[in-house]
Each structure stands twice: as C-alpha cells, then as structure tokens.
Enquirer: 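The structure is given below, and queries will be raised subsequently.
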Amino acid sequence: MESSKIEMKNAREIASILLEHKAVELNPDKPFTFSSGLSSPIYCDNRILISDPGARIRVCQAFLQMLEPLSFDVVCGVATAGIAWASWIAQALGKPMAYVRSSSKEHGKQNQIEGRIQKGQSVVLIEDLISTGGSSLKAAQSILDQEIDVQAIASIFTYGFASSVKLFEKQGILFIRFPT
C-alpha cells in the first residue's frame with residue numbers, strides 16, 4: 001500500500017479511536033481554555049487513550065509507520081503527556097528514551113532533559129497534542145541548546161491552527177502528525 005493511503009488509513013483509525021474513547025469533547029457554551037490561553041469549543045484529551053491497551057497498541061503502530069522514514073537516535077517525550085507515548089515507541093524501536101520538562105527542576109541536578117542524549121545525536125520529539133505548538137517548540141529549543149538535533153516533532157492530534165504550522169516552518173522543525 002502506498003504511503004499516502006497508509007497515512008489516510010492511520011488518520012481515520014486514530015480519529016475513530018479518539019471518538020470511540022470519547023476523547024473529543026464539544027462544548028460551545030463553555031469553551032475550553034488551552035495552556036496557551038486560547039479558548040476553543042473543542043477539546044481533545046488523548047490522555048484517556050493511555051488507559052486502554054488496545055488503543056495504545058493501535059496508536060503506537062500508527063506512530064511507528066509515521067516515523068519509519070526518519071533517522072534518529074533517541075525518542076524523546078514532551079512532558080508530561082508525551083512521556084508515555086515516547087516510552088512505548090522507544091521500546092518498540094529498541095531505542096533509548098528521554099523526556100523534556102517544561103523547565104529545569106529546582107532540586108537535584110536541576111535537569112530539564114531527563115535520560116541520556118549525547119551532543120551530536122538526533123531525536124524525534126513525541127507530543128500527544130499540538131494546539132499552538134509553543135510548548136513543543138520550547139522543548140525542541142531546549143534540546144537544540146544542548147547541540148542535539150531535532151529531526152521532527154510528532155503528535156497524535158493537532159487542532160491544525162495556521163499559526164502553529166507557521167511557527168514550525170519558521171523554526172525549521174519538521175512537524176509530522178496524522179493527516180487531519
């Protein structure tokens with residue numbers, strides 16, 4: 001099956017999983033507020049999927065197909081929702097896994113990046129959801145600041161805001177997701 005047909009099959013399957021698990025909620029009377037401060041009548045809670053082994057397997061398989069063309073050393077999750085997905089993906093690929101906090105810890109070694117990633121290595125960042133892209137790009141920048149290459153940021157779901165697409169393009173970071 002050609003790549004675009006696989007992508008569309010995966011997109012339909014992921015949409016079906018999200019709907020089946022009631023991860024997508026509509027509330028036009030009382031819009032949801034995103035961490036960016038934006039309001040929306042639609043909210044997608046991908047964290048619901050981590051509770052269902054069958055959904056996890058299907059989403060991970062789709063992620064693996066999506067990541068197949070890339071070459072990278074480490075799978076890195078964006079805290080907190082990307083950590084579980086990064087872990088399952090890294091396990092399936094037999095690759096190291098790390099994660100990026102939104103800010104450095106205030107205790108211990110004061111790490112922002114947890115796990116081992118060496119200068120010169122490359123990572124793919126895993127996120128569960130992209131709205132504006134701000135937190136994902138902040139995580140990517142913290143990795144780039146350590147002289148580590150970010151091959152791409154991948155997510156289960158995106159709201160498809162034009163502003164987020166422009167941000168990824170401006171930063172020169174590949175954003176891959178299931179087609180919307």
Side-chain angles (χ1 to χ4, degrees), residues 3 6-7 10 14 34-36 44-51 53 55-159 161 163-179:
S3 178
I6 291 171
E7 289 173 4
N10 284 341
I14 299 308
F34 299 146
S35 60
S36 64
C44 184
D45 186 359
N46 293 322
R47 294 170 191 202
I48 289 172
L49 302 181
I50 66 175
S51 299
R56 285 198 312 256
I57 289 168
R58 290 162 53 201
V59 171
C60 283
Q61 288 171 339
F63 258 124
L64 294 171
Q65 287 180 333
M66 189 167 56
L67 298 174
E68 194 172 331
L70 301 178
S71 175
F72 54 94
D73 302 304
V74 179
V75 179
C76 191
V78 177
T80 62
I83 294 172
W85 297 106
S87 179
W88 295 315
I89 293 164
Q91 183 68 29
L93 294 172
K95 291 187 181 276
M97 184 261 175
Y99 70 91
V100 182
R101 298 172 182 274
S102 58
S103 60
S104 298
K105 292 189 325 188
E106 294 184 15
H107 59 282
K109 294 183 178 181
Q110 300 176 336
N111 293 339
Q112 184 173 7
I113 301 170
E114 299 289 358
R116 290 206 170 119
I117 311 173
Q118 305 296 320
K119 287 183 182 180
Q121 285 188 309
S122 62
V123 304
V124 65
L125 269 173
I126 303 296
E127 184 65 279
D128 79 322
L129 182 139
I130 303 284
S131 59
T132 64
S135 59
S136 300
L137 288 169
K138 181 180 174 189
Q141 189 59 55
S142 68
I143 292 170
L144 292 166
D145 289 346
Q146 300 301 312
E147 298 177 37
I148 299 163
D149 183 41
V150 177
Q151 285 292 308
I153 297 174
S155 74
I156 298 170
F157 182 87
T158 178
Y159 288 98
F161 297 145
S163 58
S164 66
V165 172
K166 287 179 185 173
L167 268 178
F168 282 98
E169 288 173 357
K170 181 179 177 186
Q171 295 298 319
I173 295 177
L174 176 64
F175 174 39
I176 54 177
R177 72 271 188 202
F178 302 109

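Numbers here are sequence positions counted from 1. The structure displayed is predicted, hence computed values, not measured ones.
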Enquirer: Please find the pair of heavy atoms, one from Ile153 and one from Ser136, that lie closest to each other, and give the distance.
Expert: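 Looks like CD1-O, 3.7 Å.
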Enquirer: Can you tell which of Tyr159, Phe168, Phe161 makes a side chain to side chain contact (heavy atoms under 4.5 Å, CB included) with Ile130?
Expert: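 Passing option: Phe168.
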Enquirer: Rounded to the nearest 0.5 Å, how far apart are CG of Asn111 and OG of Ser142?
Expert: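 Taking CG in Asn111 and OG in Ser142, the distance rounds to 11.0 Å.
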Enquirer: Residues two or more places apart in sequence or in another chain: which of them pass salt bridge (charged side-chain N to carboxylate O under 4.0 Å, His left out) with Arg56?
Expert: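 Not a single residue meets the salt bridge (charged side-chain N to carboxylate O under 4.0 Å, His left out) criterion with Arg56.
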Enquirer: Can you name the closest pair of heavy atoms from Pro53 and Ser51 and give their distance?
Expert: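 Answer, listing the atom of Pro53 first, then Ser51: CD-O, 3.6 Å.
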Enquirer: When rounded to the nearest 0.5 angstrom, what is the spacing between CE in Met66 and CD1 in Ile89?
Expert: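 Atom-to-atom, Met66:CE and Ile89:CD1 are 7.0 Å apart.
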Enquirer: Can you tell me if CD on Gln141 sees more than 12 non-hydrogen neighbours from other groups inside 6.0 Å?
Expert: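 Count over threshold, so yes.
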Enquirer: Run through Val150, Leu125, Ile173, Leu144 and flag the one making a side chain to side chain contact (heavy atoms under 4.5 Å, CB included) with Leu137.
Expert: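 Single pass found, and it is Ile173.
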Enquirer: To the nearest 0.5 Å, how far apart are CG in Leu174 and CD in Glu169?
Expert: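 That separation rounds to 10.5 Å.
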Enquirer: Using side chain to side chain donor-acceptor pair (under 3.5 Å) as the criterion, list what pairs up with Ser122, not counting sequence neighbours.
Expert: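 Ser122: side chain to side chain donor-acceptor pair (under 3.5 Å) contacts with Asp73.
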Enquirer: CG/Asp45 to CZ/Phe157 distance, rounded to the nearest 0.5 angstrom?
Expert: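 Rounded to the nearest 0.5 Å, the CG-CZ separation comes to 11.5 Å.
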Enquirer: Can you check whether Phe175 reaches Val165 side chain to side chain, under 4.5 Å on heavy atoms?
Expert: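 No, side chains not in contact.
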Enquirer: Is it true that a side-chain atom of Glu147 and a backbone atom of Gly120 form a donor plus acceptor pair closer than 3.5 Å?
Expert: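 It does not hold such a pair.
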Enquirer: Sequence neighbours left out, what pairs pass ring-ring contact (aromatic ring centres under 6.0 Å, His included) with at least one residue falling in residues 73-114?
Expert: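 ring-ring contact (aromatic ring centres under 6.0 Å, His included) check on residues 73-114 returns Trp85-Trp88.
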Enquirer: Mind listing the closest non-hydrogen atom pair of Phe72 and Val123 along with its distance?
Expert: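 For Phe72 and Val123, the tightest heavy-atom pair comes out as CB-C, 4.1 Å.
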Enquirer: If you round to the nearest 0.5 Å, how far is OG of Ser103 from NZ of Lys138?
Expert: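 Separation between the atoms: 6.0 Å.
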Enquirer: Looking at every heavy atom in both Ala86 and Val75, which two are closest together, and how far apart are they?
Expert: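 Heavy-atom minimum between the residues: O-CG1, 3.5 Å.
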Enquirer: Specify the closest pair of heavy atoms between Ala154 and Leu67, including all atoms of both residues, with the distance to one decimal.
Expert: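 Smallest interatomic distance, heavy atoms only, reads CB-CD2, 4.0 Å.
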